Every structure is written in C-alpha cells, then in structure tokens.
Amino acid sequence: MIKRIKSFLQYDKYPANGSIIGVAFLIFGSLTVISFLYAFALDEGTLGDNPTDIFIANSFNIWRFPSHTLLWPIIDILPFLAPLIFIFGLLFNMAFYSFIVERIFTRVFKRRK
C-alpha cells in the first residue's frame, strides 16, 4: 500500500501543477460555501422542498470529510475553538481535495503524452 502511494506521488517524474491546484481549490471552495449556505437554510427550515436544493444541502457532508469526521471529538471538547477548527477544517478539506485532483490530472495527462 505504501509503495502504491509513493508511486502515485512521484514529484520528480510528475511535478506539481500549481494552476490546477489553484483552479481546483476555487472550485471546491465555491462548492463548499454554496453547500454550507444551503445546509444552513435546511437546518433553519427555510429551504423548501425542491429536491435539487436538498441535494445541494446534503452534499455539505461530502465537503466536510475528512477533517470534520476526524476532528469532531475535539470540537465537542473545546467549544470555544469550534468556529476556528471548523473553518480551518474546511480549508484543509478544500486543499486536500485540490491536491488529489491535481495528482490525478497530472498523472492522466502526463501518461497520454
């Protein structure tokens, strides 16, 4: 398993592409903010019954993974740091997803050349 991860992350053979990371970060950031606002509206009861809106609101659970899944016990223990941990967790998730997308794009397009 470790060898597969190391072969996937070969920076000397497949260098990181900052523009892909930046664009992916903006896309994931936009999706996270939009789904957060929809989830907030759903929790407040002001969203309505449109299935598309409910789908967008429920997709916030995807954008919260993995940091909020792992850090939720800490958020419960330290409620005064909860907003800070929550925001930095979302930023970490966006960076994590951007990195994964960049690695996939770089590997796929470098192989085709």
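What you see is a predicted model; the values in this text were computed from it and never measured. Numbers for residues simply follow the sequence, beginning at 1.
- Checked by atom type and distance alone, the side chain of Thr106 never pairs as donor or acceptor with a backbone atom of Arg103 at under 3.5 Å.
- Pairing each heavy atom of Ser67 with each of Leu90, the nearest pair is OG-N, 4.3 Å.
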Could you walk me through whether Leu31 and Ile56 satisfy the side-chain contact (heavy atoms from CB on, under 4.5 Å) test, starting with their C-alpha distance in whole Å, then the side-chain angles of each, then the deciding distance to 0.1 Å, before giving a yes or no?
CA-CA 9 Å; Leu31 291 172; Ile56 293 171; over 6 Å; no
Residues Thr69, Arg64; criterion side-chain contact (heavy atoms from CB on, under 4.5 Å); working and verdict:
CA-CA 7 Å; Thr69 304; Arg64 288 177 29 161; 6.0 Å; no
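- Looking only at distances, no side-chain donor or acceptor of His68 sits under 3.5 Å from a matching main-chain atom of Gly89.
- Note on Leu37 and Leu47: separate hydrophobic clusters, where clusters join Ile, Leu, Val, Met, Phe, Trp and Tyr whose side-chain heavy atoms are under 4.5 Å apart, directly or indirectly.
- Summarising the local packing, CZ of Phe86 is surrounded by more than 12 heavy atoms from other residues, nucleotides or ligands at distances under 6.0 Å.
- By the 4.5 Å heavy-atom criterion applied to side chains, Ile75 and Trp72 are counted as neighbours.
- What you find for Phe65 and Tyr97 is that their closest heavy atoms are O-OH, 2.7 Å.
- Rounded to the nearest 0.5 Å, atoms CG (Leu81) and CZ (Phe88) are 11.0 Å apart.
- Closest of all the heavy-atom pairs between Ile54 and Gly48 is CD1-O, 4.1 Å.
- Cluster annotation: Ile34 is not connected to Met94 through the hydrophobic network of ILVMFWY side chains, with a link wherever side-chain heavy atoms come within less than 4.5 Å.
- Under the 4.5 Å side-chain heavy-atom criterion for grouping Ile, Leu, Val, Met, Phe, Trp and Tyr, Phe36 is not connected to Tyr38 through any hydrophobic cluster.
- Annotation for Ile85 and Leu71: closest pair CG2-CD1, 4.0 Å, computed over non-hydrogen atoms.
- There is no path of hydrophobic side-chain contacts, each under 4.5 Å, that joins Ile77 to Leu70.
- Counting heavy atoms from C-beta outward, Phe25 and Leu91 have side chains that approach closer than 4.5 Å.
- Here the CZ atom belonging to Phe40 is positioned 14.0 Å from the OG atom belonging to Ser35, to the nearest 0.5 angstrom.
- Between the side chain of Asn17 and the backbone N or O of Glu102, no donor-acceptor pair lies under 3.5 Å.
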What do the steps show when you test Thr32 against Phe60 for side-chain contact (heavy atoms from CB on, under 4.5 Å), and what is the final call?
CA-CA 7 Å; Thr32 301; Phe60 185 63; 4.2 Å; yes
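- Relative ring orientation between Phe28 and Trp63 is described as tilted, the plane-to-plane angle lying within the 30° to 60° band.
- Linking ILVMFWY side-chain heavy atoms closer than 4.5 Å, directly or via other members, places Ile62 and Leu42 in two distinct hydrophobic clusters.
- Summarising the geometry, atom CG belonging to Asn58 is positioned 11.0 Å from atom CG belonging to Asp53; distances are rounded to the nearest 0.5 Å.
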